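Quick notes on the structure that follows.
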Amino acid sequence: MLLRETFLKGSIFCCFLLAGCTPAPKQIVGVERMEGGVGKVLIAPCPGYVAQLVGISAHKGAPRWSVWNSPGTRDVSEVEFFRAPDGWRVSKASLADLKTGDVTFSAGVMGGIGGRGLNGDVTFDLKRFEGLGDGEVIVGNNKVVRRTDFMKVGSGRCEP
């Protein structure tokens with residue numbers, strides 16, 4: 001089982017690296033700040049989308065935290081920072097919080113629809129994250145939008 005899972009992870013990773021399998025990142029990922037300052041990665045609603053890997057990384061020194069969707073587990077539309085959803089496994093844990101100084105962070109998701117890759121990422125800094133208000137989400141390159149707008153279904157962002 002572990003060997004099969006490792007092979008599957010490696011195959012998906014290699015596929016994303018190859019030019020034929022690497023779709024340009026889409027704006028399917030957002031970051032929101034919940035009450036108490038805890039962060040959450042949001043995945044835009046795309047019919048049939050299955051997330052395989054969700055992660056957060058710091059650009060200086062590249063510490064990273066990521067979780068892997070084990071085969072047969074439920075899909076998610078959001079992942080709280082540094083907390084694996086039920087049935088998911090932590091695959092990397094060298095980043096434990098966002099309190100690392102003047103650093104740019106990224107949150108990303110790898111997944112797909114019907115076997116076709118659809119990835120997304122968002123870049124943000126700590127100042128922008130801590131300044132988020134109720135109902136605000138960071139998308140793209142440190143841009144803030146309303147959560148209701150981000151979570152709307154039907155844009156071209158869901159096309160692999």
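Throughout, numbering of the chain's residues begins at 1 and tracks the sequence. Since the model is a prediction, treat every value here as computed from it, not as a measurement. FYI, side chains are in, hydrogens and waters are out, and symmetry mates aren't considered; it's all heavy atoms of this structure.
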Interatomic spacing from CD1 in Ile28 to CG in Asn119 - rounded to 0.5 Å: 7.0 Å
Evaluate the ring planes of Phe124 and Phe129, with Trp represented by its six-membered ring, and classify them as parallel (under 30°), tilted (30 to 60°) or perpendicular (over 60°). tilted
Joint cluster assignment, Val145 & Val122, ILVMFWY side-chain distance < 4.5 Å: no
Going by heavy atoms in the side chains, are Val67 and Leu53 under 4.5 Å from each other? no
Kindly write out the residues that satisfy side-chain hydrogen bond (donor to acceptor under 3.5 Å, both in side chains) with Ser66, not counting sequence neighbours, or none if the list is empty. Ser91
Which donor-acceptor pairs under 3.5 Å do the side chains of residues 130-139 make with protein atoms, sequence neighbours left out?
{"residue": "Glu130", "atom": "OE2", "partner": "Lys99", "partner atom": "NZ", "Å": "2.7"}
{"residue": "Glu136", "atom": "OE1", "partner": "Gly133", "partner atom": "N", "Å": "2.6"}

Ignoring hydrogens, what is the shortest heavy-atom contact between Pro85 and Val76? Give both atom names and the distance. CB-CG1, 3.9 Å
For residues Val31 and Phe105, determine if any side-chain heavy atom of one lies less than 4.5 Å from a side-chain heavy atom of the other. no
Same cluster or not: are Val79 and Leu42 linked, directly or through other Ile, Leu, Val, Met, Phe, Trp or Tyr residues, by side-chain heavy atoms under 4.5 angstrom apart? no
Here the gap from Lys92 atom NZ to Trp68 atom CH2, rounded to the nearest 0.5 Å, amounts to 15.0 Å
Can you get from Val41 to Met151 by hopping between Ile, Leu, Val, Met, Phe, Trp and Tyr side chains that sit under 4.5 Å apart? no
Can you name the closest pair of heavy atoms from Ile56 and Leu95 and give their distance? O-CD2, 3.8 Å
For the hydrophobic clusters of this structure (ILVMFWY residues joined by side-chain heavy atoms under 4.5 Å, transitively), does one cluster hold both Val90 and Phe82? yes
Are Asp125 and Arg128 ion-paired here, with the side-chain N under 4.0 Å from a carboxylate O? no
Test side chain to side chain contact (heavy atoms under 4.5 Å, CB included) applied to Val50 and Ile113, step by step: CA-CA 6 Å; Val50 177; Ile113 298 173; over 6 Å; no
For Cys158 and Leu118, the nearest pair of non-hydrogen atoms, with its separation, is O-CD2, 3.7 Å
Provide the closest heavy-atom pair for Leu126 versus Leu98 in the form atom of the first, atom of the second, distance. CD2-O, 3.4 Å
Val29 and Asp121: CA distance, side-chain angles, deciding distance, side chain to side chain contact (heavy atoms under 4.5 Å, CB included) verdict: CA-CA 6 Å; Val29 178; Asp121 60 35; 5.8 Å; no
dist Gln27:CD -> Phe150:CZ (nearest 0.5 Å) comes out at 7.0 Å
Check whether any side-chain heavy atom of Val54 sits under 4.5 Å from a side-chain heavy atom of Asn69, and report yes or no. no
What pair of heavy atoms forms the shortest contact from Ser57 to Arg64, and how long is it? CB-CG, 4.0 Å
Is the closest side-chain heavy-atom distance between Glu80 and Val38 below 4.5 Å? yes
Pairs in or reaching into residues 33-49: which pass side chain to side chain donor-acceptor pair (under 3.5 Å), with residues at least two apart or in two chains? Lys40-Glu78
Shortest non-hydrogen contact between Ala51 and Asp75, atoms and distance: N-OD1, 3.1 Å
